Trainee: 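Could you have a look at this structure, given as structure tokens, before my questions?
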Amino acid sequence: MTEANFQDETAAKAAESGANATESFLERSRAASGNSHVDQSRVSHLAGRAIQALNDIVIEEKVTYQEYNALKSWLIKVGEEGEWPLFLDVWLEHSVEEVASEHRKGSKGTIEGPYYVPNAPEHAWDGTISMREDEPGTPLLFSGQVRAVDGTPLAGARIELWHADDLGFYSQFAPGLPEWNLRGVFSASDEGRFAFNTVLPAPYQIPTEGACGVLIIAAGWHAWRPAHLHLKVSAPGYELITTQLYFPGDAHNEDDIASAVKPELLLDPKPRADSAGQVTVYDFTLDPV
Ligand code: MBD
Ligand code: FE
């Protein structure tokens, strides 16, 4: 494959990822039927405020018909291309997460993003995540302990991990990857410990040909998220946290397009003494429900 072919192919894969997030979201909403009800008074209040905010911008910024029509075309494109989940998770979810986790004393969370899939393969506390035999990338041994905010180790904790591969692609969203590649659930030991093997994820670039990419290019922004691991950590009787962990030195830790990096979420990986790759330790503390 030539370099140009490789770039075309990776661009096509990336574009599919944004669109597939719509199907994935709809499937999960159907499974959770009825959970999406919002009271009429809140709909009226929130929709009213959102519409008013947009009108205020039009008046204050003296928005022209040309700009209004460009917005209309773009909004139509976002829907047609299935990029609403991508758009919302990149530019809005971080505020929703901030509100949702305000009360917590335990480990920091951050946004879930568009590429979570429930029911990944289950492993013991010290397994290896599902990956290809020749999975490219630097091996990573990730270990730690799950405790309550009062320090009690949480036997029965679950650590769910999903992340992009060494090229920045997520299984089930980019084509050509095994269904559960780099997705798995680990059951903590009696002392709440876990230690599992995966590979380092690559930084992720928002697909540049889709509607979100068109906005990024039109505005002259960049499309990058720093490399990250996604996790959901839970235990019976404790609040589930959805989080992401990042790697020091990544060029985009300071300007993540999704505004999802927090200083508490940086890992401290070191070269492994006993084999190739890196090792990192991160502990989680959970709030009681
Ligand atoms: C990602 O991998 C991601 O985590 C988010 C929030 C948005 C786009 C791609
Ligand atoms: Fe991600």
Side-chain angles (χ1 to χ4, degrees), residues 10-29 36 46 50 53-54 57 70-101 108-118 161-165 167-174 182-183 201-232 241-247 250-266:
T10 50
K13 274 169 88 171
E16 252 181 81
S17 298
N20 288 344
T22 289
E23 205 36 59
S24 170
F25 175 79
L26 290 176
E27 210 168 286
R28 276 172 70 200
S29 329
S36 62
L46 297 176
L54 289 169
I57 293 168
L71 172 66
K72 233 189 227 182
S73 310
W74 182 79
L75 288 170
I76 291 166
K77 187 174 161 73
V78 178
E80 281 177 351
E81 294 181 353
E83 286 203 347
W84 278 117
L86 182 64
F87 173 84
L88 291 166
D89 293 352
V90 166
W91 283 298
L92 196 59
E93 191 191 350
H94 66 94
S95 293
V96 181
E97 192 278 333
E98 184 181 319
V99 173
S101 62
K108 288 283 180 215
T110 190
I111 64 174
E112 177 175 305
Y115 301 142
Y116 172 67
V117 185
L161 176 70
W162 74 102
H163 64 85
D165 68 10
L167 288 174
F169 294 117
Y170 286 86
S171 60
Q172 299 188 42
F173 294 90
L182 305 177
R183 297 176 182 275
Y204 178 90
Q205 189 172 22
I206 303 298
T208 44
E209 340 49 47
C212 292
V214 163
L215 169 62
I216 289 165
I217 290 161
W221 300 337
H222 77 75
W224 291 96
R225 296 217 61 222
H228 56 279
L229 302 173
H230 290 270
L231 298 113
K232 285 181 185 281
I241 62 169
T242 298
T243 193
Q244 298 182 33
L245 297 172
Y246 303 91
F247 299 87
D250 192 296
H252 295 292
N253 283 337
E254 273 76 50
D255 65 352
D256 175 15
I257 190 167
S259 310
V261 182
K262 304 177 185 183
E264 298 87 348
L265 301 179
L266 281 170

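Count residues from 1 along the sequence. Just so it is clear, the model here is predicted, and its values are computed rather than measured.
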Trainee: Shortest non-hydrogen contact from Asp256 to Arg225?
Mentor: OD2-NH2, 2.7 Å

Trainee: With sequence neighbours left out, write down each residue that passes side chain to side chain contact (heavy atoms under 4.5 Å, CB included) with Ala164, or none if nothing qualifies.
Mentor: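 Ala164 satisfies side chain to side chain contact (heavy atoms under 4.5 Å, CB included) with Tyr170 once adjacent residues are dropped.
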
Trainee: Is the closest side-chain heavy-atom distance between Leu229 and Phe247 below 4.5 Å?
Mentor: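 Yes, their side chains come closer than 4.5 Å.
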
Trainee: Report yes or no: does Glu81 contribute a side-chain atom to a donor-acceptor pair with the main-chain N or O of Ala211 at less than 3.5 Å?
Mentor: yes

Trainee: With sequence neighbours excluded, what pairs up with Gln172 under the side chain to side chain donor-acceptor pair (under 3.5 Å) test?
Mentor: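 Checked Gln172 against side chain to side chain donor-acceptor pair (under 3.5 Å); zero matches.
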
Trainee: Can you tell me how far the CH2 atom of Trp74 sits from the SG atom of Cys212, to the nearest 0.5 Å?
Mentor: 5.5 Å

Trainee: Ile76: what forms a side chain to side chain contact (heavy atoms under 4.5 Å, CB included) with it, not counting sequence neighbours?
Mentor: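 Side chain to side chain contact (heavy atoms under 4.5 Å, CB included) check on Ile76 returns Glu80.
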
Trainee: Show me the side-chain donor-acceptor pairs of residues 215-223 shorter than 3.5 Å, one per line, residues at least two apart or across chains.
Mentor:
{"residue": "His222", "atom": "ND1", "partner": "Trp224", "partner atom": "N", "Å": "2.9"}
{"residue": "His222", "atom": "NE2", "partner": "Asp255", "partner atom": "O", "Å": "2.8"}
{"residue": "His222", "atom": "NE2", "partner": "Asp255", "partner atom": "OD2", "Å": "3.1"}

Trainee: Got a sec, which residues hit side chain to side chain contact (heavy atoms under 4.5 Å, CB included) with Leu245, two or more places apart in sequence or on another chain?
Mentor: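 Side chain to side chain contact (heavy atoms under 4.5 Å, CB included) check on Leu245 returns Phe142, Leu231, Leu265, Leu267, Tyr282, Phe284.
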
Trainee: Holding to side chain to side chain donor-acceptor pair (under 3.5 Å), I want the full list of residues that pass it with Thr22, two or more places apart in sequence or in another chain.
Mentor: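 Thr22 satisfies side chain to side chain donor-acceptor pair (under 3.5 Å) with no residue once adjacent residues are dropped.
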
Trainee: Examine Phe173 together with Trp162 and report whether their ring centres are nearer than 6.0 Å.
Mentor: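 No, they do not, as the ring centres are separated by 6.0 Å or more.
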
Trainee: Report the C-alpha separation of His163 and Tyr204 in whole Å, then their side-chain angles, then the decisive distance to 0.1 Å, and conclude whether the side chain to side chain contact (heavy atoms under 4.5 Å, CB included) test is met.
Mentor: CA-CA 10 Å; His163 64 85; Tyr204 178 90; over 6 Å; no

Trainee: Which distance, rounded to the nearest 0.5 Å, do you find between the CG of Leu75 and the CZ of Phe87?
Mentor: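 With rounding to 0.5 Å, CG (Leu75) is 8.0 Å from CZ (Phe87).
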
Trainee: Which residues pass the salt bridge (charged side-chain N to carboxylate O under 4.0 Å, His left out) test with Lys108, sequence neighbours left out?
Mentor: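 For Lys108 there are no salt bridge (charged side-chain N to carboxylate O under 4.0 Å, His left out) partners, ignoring immediate neighbours.
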
Trainee: Compare every heavy atom of Gly109 with every heavy atom of Thr243, then report the nearest pair and how far apart it is.
Mentor: OG1-CA, 3.6 Å

Trainee: Tell me, please, which residues at least two apart from Glu23 pass salt bridge (charged side-chain N to carboxylate O under 4.0 Å, His left out).
Mentor: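 If we apply the salt bridge (charged side-chain N to carboxylate O under 4.0 Å, His left out) test to Glu23, skipping adjacent residues, the hits are Arg30.
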
Trainee: If you take all heavy atoms of His228 and Pro226, which pair is closest and at what distance?
Mentor: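 So the minimum-distance heavy-atom pair works out to ND1-O, 2.7 Å.
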
Trainee: Going by the side-chain hydrogen bond (donor to acceptor under 3.5 Å, both in side chains) test, which pairs reach into residues 85-95, not counting sequence neighbours?
Mentor: none

Trainee: Would you check if Pro207 and Leu86 make a side-chain contact, meaning some heavy-atom pair closer than 4.5 Å?
Mentor: yes

Trainee: Grab the two heavy atoms, one from Ala21 and one from Tyr115, that are nearest each other, plus how far apart they are.
Mentor: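 Closest approach of Ala21 to Tyr115, heavy atoms only: CB-CE2, 4.2 Å.
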
Trainee: Checking Arg183 now: which residues fulfil salt bridge (charged side-chain N to carboxylate O under 4.0 Å, His left out) with it, not counting sequence neighbours?
Mentor: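 Applying salt bridge (charged side-chain N to carboxylate O under 4.0 Å, His left out) to Arg183 gives none.
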
Trainee: List the atom of Glu209, the atom of Val214, and the distance in Å for their closest heavy-atom pair.
Mentor: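 Here Glu209 and Val214 meet closest at O-CG2, 4.2 Å.
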
Trainee: Restricting to side chain to side chain donor-acceptor pair (under 3.5 Å), what partner residues turn up for Ser24, sequence neighbours left out?
Mentor: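 By the side chain to side chain donor-acceptor pair (under 3.5 Å) rule, Ser24 matches no residue at all.
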
Trainee: For Glu97 and Lys262, which heavy atoms make the closest approach, and how far apart are they?
Mentor: OE1-NZ, 2.9 Å

Trainee: Please identify each residue that fulfils side chain to side chain donor-acceptor pair (under 3.5 Å) with Asn253, with sequence neighbours left out.
Mentor: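 Once residues adjacent in sequence are excluded, Asn253 has no partner under the side chain to side chain donor-acceptor pair (under 3.5 Å) criterion.
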
Trainee: Examine distances only and state if a side-chain atom of Thr110 and a backbone atom of Ala260 form a donor-acceptor pair shorter than 3.5 Å.
Mentor: yes

